[in-house]
Amino acid sequence: MSHIESLFATRLYRAALSEHGVKIDADELENSCIVIANDDEAGQDWCEENAYPGYTSYASLSDLPWRFPIFADLVKVLDLHVAEFAKDLQFDLDGKALVLEDLWINILPEGGMHASHIHPHSVISGTTYVAMPEDTSALKLEDPRSAMMMASPIRTKDARRELKPFIYIKPDVGDVLLWESWLRHEVPMNMSEDDRISVSFNYRWE
């Protein structure tokens, strides 16, 4: 009798921020993101110069946890989630640690999107969701084998979840998603009239 098994799993971690550490006030975090976006002229200029939809602090502010206590608290909580995910991935950290490399705000207005990308030089990447209007876009994850499928036929519409070429995850406010940084992902166009707000981050091994 034939035997078929799934190999080389791609893991996705999803949890509520509140499952670990101190409670993060959702309203305070959202207000902080909006205030920072309104005050960050360098970030606004970068977004305009690079035709970036909405706002990101990625290119302008590298010290959010130092500037704002709520982001310092957020990092402490994220550290715990990342440590749990690293255990699930069965990483041998060899006496080293996974530490925050960078953390930034994303505000996507109606029509805004993030094109498909990866996060080089990091180990674990992720996002926590601050404002998710009802009609806003999900997170789209791409099968990492896509570039190697060459002449393969497409999958059927009812293919099993682990065989689909793309997976869409619709997180809730207060959720944190983690994945290995090589996993290609994107945010499809925000179809809501309201802003989609999130905080993304990378962890490195050192």
Side-chain angles (χ1 to χ4, degrees), residues 5-24 29 32-33 36 43 46 50 52 56-106 114-130 138-148 161-162 165-169 171-172 174-187 197-206:
E5 59 182 324
S6 295
L7 302 174
F8 310 117
T10 299
R11 306 291 283 170
L12 175 69
Y13 176 100
R14 179 175 182 172
L17 276 177
S18 57
E19 287 188 18
H20 293 298
V22 299
K23 178 177 174 57
I24 303 297
L29 184 58
S32 296
C33 290
I36 292 167
W46 185 91
N50 291 274
Y52 187 91
T56 180
S57 65
Y58 183 78
S60 56
L61 295 173
S62 60
D63 57 357
L64 289 176
W66 179 80
R67 290 173 180 260
F68 302 92
I70 192 165
F71 284 96
D73 289 341
L74 177 61
V75 171
K76 293 176 183 176
V77 172
L78 293 176
D79 286 346
L80 298 174
H81 284 281
V82 169
E84 181 174 328
F85 189 36
K87 288 180 181 178
D88 175 83
L89 292 169
Q90 298 187 323
F91 281 150
D92 178 2
L93 297 179
D94 193 28
K96 301 177 184 179
L98 295 176
V99 298
L100 184 75
E101 181 174 17
D102 42 26
L103 176 143
W104 64 96
I105 297 166
N106 306 295
H114 289 164
S116 180
H117 63 286
I118 60 173
H119 293 215
H121 314 301
S122 302
V123 176
I124 290 177
S125 299
T127 301
T128 186
Y129 296 86
V130 181
L139 178 69
K140 180 180 179 182
L141 304 172
E142 179 182 322
D143 184 339
R145 302 166 299 174
S146 292
M148 303 176 190
R161 184 172 173 84
E162 71 266 25
F166 298 100
I167 298 293
Y168 294 82
I169 307 293
D172 298 319
D175 279 355
V176 57
L177 298 182
L178 303 174
W179 56 87
E180 291 184 76
S181 300
W182 47 257
L183 182 60
R184 186 169 291 277
H185 56 284
E186 64 183 276
V187 179
I197 304 177
S198 61
V199 177
S200 296
F201 46 86
N202 292 318
Y203 276 71
R204 68 178 183 272
W205 181 35
E206 67 171 30

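In this structure, Tyr13 OH and Asp175 CG are separated by 10.5 Å, a value rounded to the nearest 0.5 Å. Separating the CZ atom in Arg184 from the CG atom in Asp143 is a distance of 12.0 Å, to the nearest 0.5 Å. Note: Thr128 OG1 to Leu17 CG = 3.5 Å, rounded to the nearest 0.5 Å. To the nearest 0.5 Å, atoms CD1 (Ile118) and NE2 (His121) are separated by 9.0 Å. Atoms CG and CG, on Leu178 and Leu183 in that order, are 12.0 Å from each other to the nearest 0.5 Å. Here Leu64 contributes atom CG and Asp102 contributes atom CG; the two are 10.5 Å apart, rounded to the nearest 0.5 Å.
The shortest non-hydrogen separation linking Ile197 to Cys33 is CG2-CB, 3.9 Å. In this structure, Glu180 and Phe85 approach most closely via the heavy-atom pair N-CE2, 4.3 Å. Nearest heavy atom pair, residue Pro65 against residue Ala72, reads O-CB, 3.4 Å. Taking all atoms of both residues into account, the shortest heavy-atom contact from Ala138 to Ile169 is CB-O, 3.0 Å. The heavy-atom pair separating Thr127 from Ser200 by the smallest distance is OG1-OG, 3.0 Å. Across all non-hydrogen atoms, the minimal contact from Thr10 to Pro144 is OG1-CG, 3.8 Å.
Tyr52 and Trp46 have tilted rings, their planes meeting at an angle from 30° to 60° on a 0 to 90° scale. His185 and His119 have tilted rings, their planes meeting at an angle from 30° to 60° on a 0 to 90° scale. The aromatic rings of His20 and His81 sit perpendicular, their planes meeting at an angle over 60°, well past the 30° parallel limit.
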Show your working on side chain to side chain contact (heavy atoms under 4.5 Å, CB included) between Val199 and Phe71 and close with a plain yes or no.
-> CA-CA 10 Å; Val199 177; Phe71 284 96; 4.1 Å; yes
Test side chain to side chain contact (heavy atoms under 4.5 Å, CB included) applied to Asp172 and Arg14, step by step | CA-CA 10 Å; Asp172 298 319; Arg14 179 175 182 172; 3.7 Å; yes
I would like to know whether Arg11 and Leu89 meet side chain to side chain contact (heavy atoms under 4.5 Å, CB included); could you show each step before the answer?
-> CA-CA 8 Å; Arg11 306 291 283 170; Leu89 292 169; 3.6 Å; yes
List the steps and the verdict of side chain to side chain contact (heavy atoms under 4.5 Å, CB included) for Tyr203 and Ser122.
-> CA-CA 6 Å; Tyr203 276 71; Ser122 302; over 6 Å; no
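Within 6.0 Å of atom CD in Glu162, more than 12 heavy atoms from other residues, nucleotides or ligands are found, so the atom counts as buried in its surroundings. The number of heavy atoms from other shown groups lying within 6.0 Å of OH (Tyr58) does not exceed 12.
Put simply, the side chain of Ser198 never gets that close to the backbone of Val130: no donor and acceptor are under 3.5 Å apart. Of the possible donor and acceptor atoms, one in the side chain of Asp92 sits under 3.5 Å from a partner among the backbone N and O of Asp94.
Residues Leu74 and Phe201 are not in side-chain contact: their nearest non-hydrogen atoms beyond the backbone lie 4.5 Å or more apart. Contact of the Val176 side chain with the Val77 side chain is not registered, since no non-hydrogen atoms from C-beta on lie closer than 4.5 Å.
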